[in-house]
Amino acid sequence: MTQQDSLLVYFALACMWIGGYAAGRGRVAKALVAWADRQVGHASRRSPRFWIALPVVLAAAACLWTFRPRRTLNSYRAWKAWQNPAAARGLDTNGDI
């Protein structure tokens, strides 16, 4: 390995370190997912913003299911219980008295 190759490797490592530090400090992924979540929730389905944001939201959901499956499943169950509190307590939700 020549001296030029070594310098190139050191330069690449320094660039990766600086890029990783900047991405961690800037929270780029968190801001991107927050933007995409707003677009999917509020933009019309005919809007290009919706279709640009949809793959970002799907990728974020896939990452959650992959890396935190228990937390994701517990959050889903808690959300369902919040949506229908009577069913969560085991009460009859048919409306029959």
Side-chain angles (χ1 to χ4, degrees):
M1 194 173 200
T2 65
Q3 185 178 5
Q4 186 178 6
D5 291 339
S6 299
L7 287 175
L8 187 60
V9 168
Y10 292 139
F11 179 72
L13 288 173
C15 287
M16 287 188 292
W17 180 78
I18 291 170
Y21 178 78
R25 297 295 293 169
R27 311 263 187 224
V28 176
K30 191 173 185 177
L32 180 65
V33 170
W35 171 83
D37 189 34
R38 282 192 310 272
Q39 299 309 312
V40 169
H42 299 294
S44 168
R45 288 190 181 166
R46 293 183 180 185
S47 171
R49 292 180 301 169
F50 176 85
W51 293 105
I52 292 170
L54 191 62
V56 175
V57 171
L58 292 176
C63 287
L64 280 176
W65 276 106
T66 302
F67 297 115
R68 297 182 181 222
R70 286 187 182 157
R71 177 184 270 182
T72 305
L73 188 58
N74 288 339
S75 295
Y76 175 73
R77 287 178 181 152
W79 175 79
K80 289 295 274 185
W82 179 75
Q83 291 292 329
N84 193 356
R89 290 182 302 216
L91 298 176
D92 183 22
T93 58
N94 293 333
D96 299 332
I97 297 178

Asker: Just checking Q3: does its CD atom have more than 12 heavy atoms from other residues, nucleotides or ligands closer to it than 6.0 angstrom?
Answerer: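 Count not over threshold, so no.
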Asker: What residues form a side chain to side chain donor-acceptor pair (under 3.5 Å) with T2, not counting sequence neighbours?
Answerer: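 Partners of T2 under the side chain to side chain donor-acceptor pair (under 3.5 Å) test: D5.
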Asker: Going only through I, L, V, M, F, W and Y residues with side-chain contacts under 4.5 Å, is there a path from L32 to L58?
Answerer: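 No, L32 does not connect to L58 through the hydrophobic network.
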Asker: For W17, which fellow cluster members are found when Ile, Leu, Val, Met, Phe, Trp and Tyr are connected by side-chain heavy-atom distances below 4.5 angstrom, either directly or through intermediates?
Answerer: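 Joined to W17, directly or through intermediates: I18.
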Asker: Indicate, with yes or no, if I52 and L54 share a hydrophobic cluster defined by side-chain heavy-atom contacts under 4.5 Å among Ile, Leu, Val, Met, Phe, Trp and Tyr.
Answerer: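 Cluster IDs for L54 and I52 differ.
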Asker: What are the two closest heavy atoms between W51 and P55, and how far apart are they?
Answerer: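 Closest heavy-atom pair between W51 and P55: O-CD, 3.1 Å.
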Asker: Measuring from atom CH2 of W82 to atom CH2 of W79, what distance do you get when rounded to the nearest 0.5 angstrom?
Answerer: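 So the CH2 of W82 and the CH2 of W79 are separated by 9.0 Å.
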Asker: For the residue pair V40 and V57, what are the closest heavy atoms and their distance?
Answerer: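 So the two residues come closest at CG2-CG2, 3.8 Å.
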Asker: So, do M16 and L13 sit near enough that their side-chain heavy atoms are less than 4.5 Å apart?
Answerer: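 The answer is yes, as the side chains (C-beta and beyond) meet within the 4.5 Å cut-off.
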Asker: Measure the spacing between CZ of R49 and OG of S44 and express it to the nearest 0.5 Å.
Answerer: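 Reported to 0.5 Å precision, the distance equals 9.0 Å.
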Asker: Could you state whether V33 and W35 fall into the same hydrophobic cluster, counting links through intermediate Ile, Leu, Val, Met, Phe, Trp or Tyr residues with side-chain heavy atoms under 4.5 angstrom apart?
Answerer: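 Yes.
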